[in-house]
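Notes follow the structure.
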Protein chains: 2
Amino acid sequence: MATSNPGFDGRRAATLRDVAALAGVSIATASKALNGRDQVHPETRERVIAAAAKVAFRPNPMAQGLLRGQTGTVGLLTDDLVGRFSLPILMGAEDEFGSGSVSVFLADARGDAIRQRHHLHAFLDRRVDGLIAVASNTDPRATLGRELPIPVIYAYGPSLDPDDTSLVPDNVSAGEIAVEHLVTTGRRHLALISGDEAYLAARDRTEGVQRAVAAAGLSLVEQVMYGSWSEAWGRTATRALVDRVPELDGIICASDQIARGSLDALRDLGVPVPERVAVLGFDNWEAVVADSRPPLTSVDMNFEALGRAAARRLTQAMSGERHAGGVEKLPVRLVARASTARV
Amino acid sequence: MATSNPGFDGRRAATLRDVAALAGVSIATASKALNGRDQVHPETRERVIAAAAKVAFRPNPMAQGLLRGQTGTVGLLTDDLVGRFSLPILMGAEDEFGSGSVSVFLADARGDAIRQRHHLHAFLDRRVDGLIAVASNTDPRATLGRELPIPVIYAYGPSLDPDDTSLVPDNVSAGEIAVEHLVTTGRRHLALISGDEAYLAARDRTEGVQRAVAAAGLSLVEQVMYGSWSEAWGRTATRALVDRVPELDGIICASDQIARGSLDALRDLGVPVPERVAVLGFDNWEAVVADSRPPLTSVDMNFEALGRAAARRLTQAMSGERHAGGVEKLPVRLVARASTARV
DNA sequence: ACAGTCACAGAAAACCTTTTCGGTATTTTC
DNA sequence: GAAAATACCGAAAAGGTTTTCTGTGACTGT
């Protein structure tokens, strides 16, 4: 039945007016029928629904937004899309929102303050209903503003303003978990090759390691070694370590890349992993842990879950729940692989 | 001078009505004043502008959009946010749009057809002005739809429909460039360790390599070896190669990861790089090339430029320019590092 | 038969901005 | 000094939807 719809040419997107005309009712009735309001005869409702289906009617979100003062959008403002840390957070948030009816705007400030302000204002101009700010590292960062008209959740890097709500991975706990795992699997002579001391993540993980070592009644076989996050640093530090500490049986590396370097050095030196020394990293970076020899045990920071949590928190805040603010630390988890297998 | 603005409480975002009232003019005049229309006395215009500044007026994009039938937004629909290939494309596109006044929606289909349709319709419902579809690999993919009401640019993986416009990296040329570089730096006995043959990228790069080898009047010292994209494959293939072909002096690996494995195997075997054998990869993946020993020469697929180009093409299409459609291949570039240094 | 309910439909306002058009005062032209 | 042009401003409509309020006809109970 290919009847033509008078007044509707099919090129332009159908409006409620088209639906109403086709169903022979007023615009008001059509709206009520489609939105499940009562005050509409069942038969009329069906006619409207059929008409809407026929012209593929989809309400114009701009008209809806104009009316109810909400856009159904949120902004994701990242400092650093390149770095692989913020990405899973974005993914988690995007997924959590996207499966609902919220659409997400993405903007990358690239670590530039000007750009950040630009994008923040672009978001505000667009009337996003909320905002997630994802930093490029876990160091505390300046707030985006104290009197913003919309709720903001800071993810990864917490806001310096205690009134803001921040969600961060628990790096201290990550350090503890690492030690507990090694101790559980029978290691007693542990060393820590940390990362760049300028990063809070490095210091936090170190703190966790030291706490857990003390709690286990042990002490590190060597002073904590700070350096960079690179494989090269992992190699140098490991060589020095093996030289100085013959009884060494477990190396905690503050990143997967460092651990990768450590593994390489140990292989060069002929030290078998995990038979003589266990090696463990942080971040659980798939590309690194899977291809290393042997596969690397690593502490996963649960970034995707963090993104999801941020999205849920934002959703709550947008629906009016007031929160005290502050920094919440989210749990991390250890992924065991061959590099720390019990011997 | 903290005078209160009658009728404007500061909580709600200021509207043109507030500005007009504050400046003592009509809404129409206020609009014209702010939009640089003539028919406004210079002095009046100044008053309006001052009023707008005072209440921090920003036009409501929903009202504007409703009127002009455009939203000033585009959708970025990716198949795979995790994979590191689509990300730089997104970055390029985001940057190109974001520096203008276009905002970008992001959605990740995660390789799932249902999810893809869901997000496509979410975008259409939001009335985005255009769409960029980023695939997870270079294999041709199904079109998103033949009769979409907005322009669509396919990036990375081209659409199977020849009427669609697709932008892809030139993998054949990438293969050629790799060979030319090795030949130029004095290598004559080349082998190719390719990737997973199921991927068009692997076959295209292989084709380019073979063409360029022939063009140089040479031939590969071994049949093309297909395998996987992993370091492990790079190691096995390299060991076999070194075993069988003593005169070998250049290995082309179809990805940086394969190359990384190859370098590891060569070091294990005591074959010096680049002194005896040059090694070269594809993708220029920072984390891999920088930390490998020696640093790895690699063919960069220029993904960010591809994203920018896609954004520009979409902008053209949105402003009405008709394009013939088809697949356009974008140039790639070689980044030389120590692993292929001339001896 | 009549007041009072009830079920349903539609008119109109509201959201905010832009543009067209008409109107009023002022200036220019001969 | 009259006629025409100019400069400026505001009213109103348009864009698409939702909601409130009013209206109408049918039904209930006595």
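Residue numbers start from 1 in every chain, and the chains themselves are labelled A, B, ... in the order their sequence lines are given, proteins ahead of strands.
- A salt bridge is defined here as a Lys NZ or Arg NE, NH1 or NH2 lying under 4.0 Å from an Asp or Glu carboxylate O, and B:R115 with B:D79 fails to meet this definition.
- Side-chain proximity of B:L16 to the nucleotides D:dC9, C:dA9, C:dT18 is greatest for C:dT18.
- Counting heavy atoms from C-beta outward, B:I132 and B:L77 have side chains that stay 4.5 Å or more apart.
- Nearest approach of A:P169 to A:M301, heavy atoms of both residues: CB-CE, 3.9 Å.
- B:D112 has no carboxylate O lying under 4.0 Å from a charged side-chain N of B:R110, or vice versa, which leaves the two without a salt bridge.
- Residue A:Q70 contributes atom CD, which lies 14 Å from atom P of D:dT18 at whole-angstrom precision.
- Mapping B:P42 and B:A63 onto DNA chain D by nearest heavy atom places B:P42 closer to the 5' end of the strand.
- Remark: C1' of C:dA9 and CZ of A:R47 are 11 Å apart, rounded to the nearest angstrom.
- Summarising the geometry, the separation between CZ on A:F57 and C1' on D:dT17 is reported as 8 Å, rounded to the nearest angstrom.
- The CE atom of A:M62 sits 16 Å away from the P atom of C:dC16 (whole-angstrom rounding).
- Close to D:dG15, at under 4.0 Å from its OP1 or OP2, lies no side-chain N or O of A:T15.
- Here C:dC16 presents its C1' atom at 13 Å from CG of B:L34, a figure rounded to the nearest Å.
- The side chain of A:Q64 lies closest to D:dT17 when the candidates are D:dT17, C:dT17, D:dC9.
- Between A:R45 atom CZ and C:dA7 atom C1' there is a gap of 13 Å when expressed in whole angstrom units.
- The CZ atom of B:R126 sits 15 Å away from the C1' atom of D:dG16 (whole-angstrom rounding).
- Among the nucleotides C:dG10, C:dA9, D:dT17, the one closest to the side chain of A:V40 is C:dA9.
- Put simply, the side chain of B:L330 does not reach to within 4.5 Å of the side chain of B:V168, judged on heavy atoms.
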Going 5' to 3' through nucleotides 19-24 of chain D, assign each nucleotide B (protein heavy atom under 4.0 Å from a base atom), S (under 4.0 Å only from sugar-phosphate atoms) or - (no protein heavy atom that close).
BB----
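- Atom CZ of A:R17 has 12 or fewer neighbouring heavy atoms from other residues, nucleotides or ligands inside a 6.0 Å radius.
- Applying the 4.0 Å criterion to OP1 and OP2 of D:dA11, one finds that B:S26 has every side-chain N and O outside that range.
- Taking atom CG of residue B:L66 and atom P of nucleotide C:dA14, one finds them 17 Å apart after rounding to whole Å.
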Determine, stepwise, if the pair B:T143 / B:D161 fulfils side-chain hydrogen bond (donor to acceptor under 3.5 Å, both in side chains).
CA-CA 6 Å; B:T143 182; B:D161 186 334; 4.7 Å; no
